[in-house]
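Remember, it's a predicted structure, so these values are computed and weren't measured experimentally. Naming convention: chains lettered A, B, ... in sequence-line order (proteins, then strands); numbering from 1 in each chain.
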2 protein chains.
Amino acid sequence: MLQKEGLAEIISIGDELLIGQVVNSNAAWMGEQLFSSGIALRRVVTIGDSEADLHAAIDDACNNAQFIFLTGGLGPTSDDITKPALCNYFGVPLVWNQEAYQQVEALFARRGMTVTDRNRQQAMLPANCIAIPNPNGTAPGMWFEHKGSVIVSMPGVPFEMKPMFADEVIPHIKARFGGNNYFFRTVMTTGAGESAIAERLKKFESTLPENCRLAYLPQPGIVRLRLGISGTDGPQALQALNSKVVEMADLLSDIVYGYDNEMPEETVFRMLKERRFTLGLAESCTGGYLAHLITSLAGSSAVFKGSIVAYANEAKTVLLGVDEALINTFGAVSAEVATAMAQGARSSLQTDYAIGITGIAGPDGGTAEKPVGTVWIALAGPEHSEVQHFLFGDKRDRNIRRSALAALNMLRKALLK
Amino acid sequence: MLQKEGLAEIISIGDELLIGQVVNSNAAWMGEQLFSSGIALRRVVTIGDSEADLHAAIDDACNNAQFIFLTGGLGPTSDDITKPALCNYFGVPLVWNQEAYQQVEALFARRGMTVTDRNRQQAMLPANCIAIPNPNGTAPGMWFEHKGSVIVSMPGVPFEMKPMFADEVIPHIKARFGGNNYFFRTVMTTGAGESAIAERLKKFESTLPENCRLAYLPQPGIVRLRLGISGTDGPQALQALNSKVVEMADLLSDIVYGYDNEMPEETVFRMLKERRFTLGLAESCTGGYLAHLITSLAGSSAVFKGSIVAYANEAKTVLLGVDEALINTFGAVSAEVATAMAQGARSSLQTDYAIGITGIAGPDGGTAEKPVGTVWIALAGPEHSEVQHFLFGDKRDRNIRRSALAALNMLRKALLK
């Protein structure tokens, strides 16, 4: 049997999770909560509405984890098997729980509804459990202790589960069992691939102590570097972690744009806001994607005035005042046109900064001298203007994404000057 | 030991999944693929970057499933433990795989990069595996057979894993193990929620034969209705399926926009292309998202001329010629301004059709009479023009998505006239 002290396991229950109808975001959310509480989540097991599979999962979890969290299968409908399955597992009957019933009654009173028999049944709980209040629903949570493990069963509905977990379960566990010290920090990079970064960090990695771990988390255009450390002395571990983070960030200063999961658009939005600068865009190959990234952020109107998505050449001339001669001489995908687009957007949108992006996203439109993936990005600012050439890959969606990220990175670096 | 024939299990590997830094959307996507391939997913087990936990998970999976799918831990960096862990598990060495190497070489050649030692190592594979090509990355997939189970190891990066799984792994499994004769067709709907649709299909569902199954697959703004049928006589089952699909589509004709996973932007793009119409946009609350949806499609420049993302009011007047008086009298979020935006886009972009979208995405900016989620969408066309009011919810990202889908649906219906 493996060491299970301080380790947690999540058992997510529901057919809808297995057929991909629902993404298991509950587990990710709980993992984050556990992590920041210093409880190490060892495993997440997702099963369907099957009593046999649930019994097997609990048996197994009791060997591997001190804290076991079940979500799902507590609703009032027939496919909600968790409660009867737990009774059979522990060999106990359902018994009436007056406290739980009063909760249900109170909830229905607040909603001006009368309690049905079906709801009344929700106050019947396994004899060996302690009820956990559910302020947002009719199904109470249940706390069991078995074979040296705590087993907590909660509803799967996120807005019922989350407050129960954060306000009741975690505090109880911490109060009674304390917790380890495990710390993570994430360094965000853009503009270099996973293996290129690994090359640069080879020596650094070899200097990492036993209790320190580096993880590479790539996604299109971004690589997140997560440094984790464990230690009994919290403050000391945290200090060691932070010094390693600084060391790593220095080694990668040209590609590090932020920390702790801040996305590039958030970084740039924050910097523009702090400096009271406004932004406008002229997008061709990104087709509105960069505008979308920025306007996905609440409050972006404080800095973002708009984007002219000039997909057709006439749109470039009519809306951005790009001289037709430039397009005819240098081509729509050129330094000259990118620059004219940025200047056109800056003047027509009257912003401090503007970005012009033109390129060949593919799959078609490439030539020998301008292959698919060719992108020109121009930045026009109060003092500083520049234009850069990029050659990305042959995947349309990735070229769009990488172009937008490259543009954000150019702006970020300009704002740092 | 439980019956494992025809059952699948997914083992997702990576600390980032356990601390909630990454939501396990791979598992949901694979679950959907397996479901529509008639392979029953019994369980998903998510573990961290731990060799011991991986070995335990594989042991356990071999008892429960005939098909075992591993994702994650295949990158070129040191935290990617899957390959060495599999070698230790099977007790085999890493051996050079020339085919795999040529794949890596070709990929780098396409990107104009030279292969590093680290990349070269990716062509070293466990001696007992068959390599699965990875057209989108340097880490090949691996196919093992062990204790009567197939074990497939794939990268965790979605854009590498998905094509590998859908184009290589699933077809191999179907070809070799057959599986039942499962047929699926999907009816795509937009504009109605899951439970509303379920109400309308109550009677229809009760008429479905034993071997026929209806699945509701909701995603923001879209509900996919997947009708599946199993039978030994292929042609007959298929015929029965198609007649039920027609029956269901008739019942929902007002919300059905397409079939078999065609996205709304694809439907509209196809219709515009067939009719040789061009499209322009004026976006406020969608902030370029609708333009992004359309320009994500290869060849969209054939119909799409551009979008004026007029986020600030000045941009609406300067770029779209919206009369300032209209904004002052009716407000930026109004039928009048939406209409003026559509007309402005149509004339400045010189398109057959243009759409104007203005609304309050939230979380801020709502008022008593114009709460967050209020959206006006106007359509301007050669003969036909209209404007519609929508009231969506309080989630910014959802409001942006639903506004774009509503606009596409308005245009689709206009094109049908």
With a 4.5 angstrom heavy-atom cut-off, could you sort out which part of [X] is near chain A: side chain, backbone, both or neither?
X         : value
Glu194(B) : side chain
Phe304(B) : both
Phe35(B)  : side chain
Val157(B) : side chain
Leu34(B)  : neither

Exercise. Is it true that the NZ or CZ of Arg226(B) lies under 6.0 Å from the centre of Phe184(B)'s six-membered ring and within 45 degrees of the ring axis?
Worked result: yes
Heavy-atom distances under 4.5 Å only: say whether [X] touches chain B with side chain, backbone, both or neither.
X         : value
Asp60(A)  : side chain
Ile400(A) : side chain
Val45(A)  : both
Glu9(A)   : neither
Ile308(A) : both
Lys395(A) : side chain

As an exercise: rank [options] by heavy-atom pairs under 4.5 Å with chain B and give me the winner.
options                         : answer
Val23(A), Thr295(A), Leu201(A)  : Thr295(A)
Ala196(A), Ser307(A), Ala312(A) : Ser307(A)
Gln219(A), Glu314(A), Glu199(A) : Glu199(A)

Exercise. For the atom pair CD1 (Ile294(B)) and OG (Ser301(B)), what is the distance rounded to the nearest 0.5 Å?
Worked result: 12.5 Å
Is it true that the side chains of [X] and [Y] contain a donor and an acceptor less than 3.5 Å apart?
X         : Y         : result
Asn24(B)  : Ser12(B)  : yes
Asn261(A) : Arg224(A) : yes
Thr286(B) : Glu283(B) : yes

Between [options], the one whose heavy-atom pairs under 4.5 Å with chain A are most numerous:
options                                 : value
Val22(B), Leu297(B), Thr278(B)          : Leu297(B)
Gly306(B), Gly287(B), Cys285(B)         : Gly287(B)
Ser50(B), Ser296(B), Ala8(B), Ala310(B) : Ser296(B)
Ile11(B), Asp117(B), Asn136(B)          : Asn136(B)
Glu32(B), Gln21(B), Arg43(B)            : Gln21(B)
Ala361(B), Ala298(B), Gly365(B)         : Ala298(B)

Exercise. In this structure, are over 12 heavy atoms from other groups packed under 6.0 Å from Arg213(B) atom CZ?
Worked result: no
For this session: Give a yes or no on this: more than 12 heavy atoms of other residues, nucleotides or ligands lie within 6.0 Å of atom CZ of Arg398(B).
Result: no
Problem set entry | Contact check, side chains of Leu319(B) and Ser348(A), non-hydrogen atoms, under 4.5 Å | yes
Exercise. Heavy atoms, side chains only, cut-off 4.5 Å: are Val223(A) and Leu217(A) in contact?
Worked result: no
Could you tell me whether the side chain of [X] and the main chain of [Y] form a donor-acceptor pair under 3.5 Å?
X         : Y         : result
Asp260(A) : Thr186(A) : yes
Arg396(A) : Gly362(A) : yes
Asp15(B)  : Asp49(B)  : yes

